[in-house]
Amino acid sequence: MLDEDPDAPNVQDIVDEQDGEIPLDKLPPEVQEAVRKQEALDAQKDYDEMLADIKAQEGRENLDEIEFAKQLVLTEGDVELALANLDAEQAKYEKAFREKYNIPEDAEVPKAPPTIDSNTQTPAQPEPPKSYTSWDQLDEAFDDMAAESRTGTPPPVGTV
């Protein structure tokens, strides 16, 4: 038998009688921090699994995670209400778009554009064609002459 430390608290005195667990505030600070970190990791894992399940549903493949998280906070964690709010926002956008551009009900409406803090990627926009001025043409002519001089071969005779 090991000698017990007389200064150590009796574990049975701090164990919660109802569920048999030690309250977090009765544990040493480093253990409390470790427990909180593990709880945060578990909560993040549960959230990621829930988000993956939602994105697996038909029509929710492109769910905006940031907007969903905002709605989840606003609805105090009610997932169904958060999704309903997102659907209502999308319906409101579609209705306004149809009214503005006189689009019939059976025509497809594009998705709402992403917000500034959204994680949704937008496709690259094509660059508008460049308009040339006489100064741009002169700059290109000088660039061509400079490139010819760098190659080491002189320009053909009679071209200046």
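- Rounded to the nearest 0.5 Å, atoms CD (Glu76) and CG (Leu81) are 10.0 Å apart.
- The salt bridge (charged side-chain N to carboxylate O under 4.0 Å, His left out) check on Arg36 picks up nothing, with sequence neighbours excluded.
- To the nearest 0.5 Å, atom CZ of residue Arg60 and atom CG of residue Leu86 are 7.0 Å apart.
- Residue Leu63 holds its CG atom at 6.5 Å from CD1 of Ile54, rounded to the nearest 0.5 Å.
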| request: Under the side chain to side chain contact (heavy atoms under 4.5 Å, CB included) rule, what do Val35 and Glu39 come out as? Steps first, then yes or no, please. | output: CA-CA 6 Å; Val35 169; Glu39 288 174 347; 3.7 Å; yes
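- Annotation: side-chain contact (heavy atoms from CB on, under 4.5 Å) contacts of Glu89 (sequence neighbours excluded): Lys92.
- In this view, Gln44 and Tyr47, Asp48 satisfy the side-chain contact (heavy atoms from CB on, under 4.5 Å) rule, not counting sequence neighbours.
- Contacts of Glu80 classified as side-chain contact (heavy atoms from CB on, under 4.5 Å), with partners at least two apart in sequence or in another chain: Asp78.
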Full working for side chain to side chain contact (heavy atoms under 4.5 Å, CB included) between Leu72 and Met50:
CA-CA 12 Å; Leu72 201 57; Met50 177 193 62; 4.1 Å; yes
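- By the criterion of side-chain heavy atoms lying less than 4.5 angstrom apart, applied directly or through intervening Ile, Leu, Val, Met, Phe, Trp or Tyr residues, Ile103 is grouped together with Tyr93 in one hydrophobic cluster.
- For the atom pair Glu105 CD and Glu94 CD, the distance stands at 9.0 Å (nearest 0.5 Å).
- Asp64 contributes atom CG, which lies 10.5 Å from atom CD of Gln71 (distance to the nearest 0.5 angstrom).
- For Lys37, the salt bridge (charged side-chain N to carboxylate O under 4.0 Å, His left out) criterion is met by Glu33, not counting sequence neighbours.
- With sequence neighbours left out, the salt bridge (charged side-chain N to carboxylate O under 4.0 Å, His left out) criterion links Asp53 to no other residue.
- The CG atom of Asn85 sits 11.0 Å away from the CZ atom of Phe68 when rounded to the nearest 0.5 Å.
- No donor-acceptor pair under 3.5 Å is formed between the side chain of Glu61 and the backbone N or O of Lys55.
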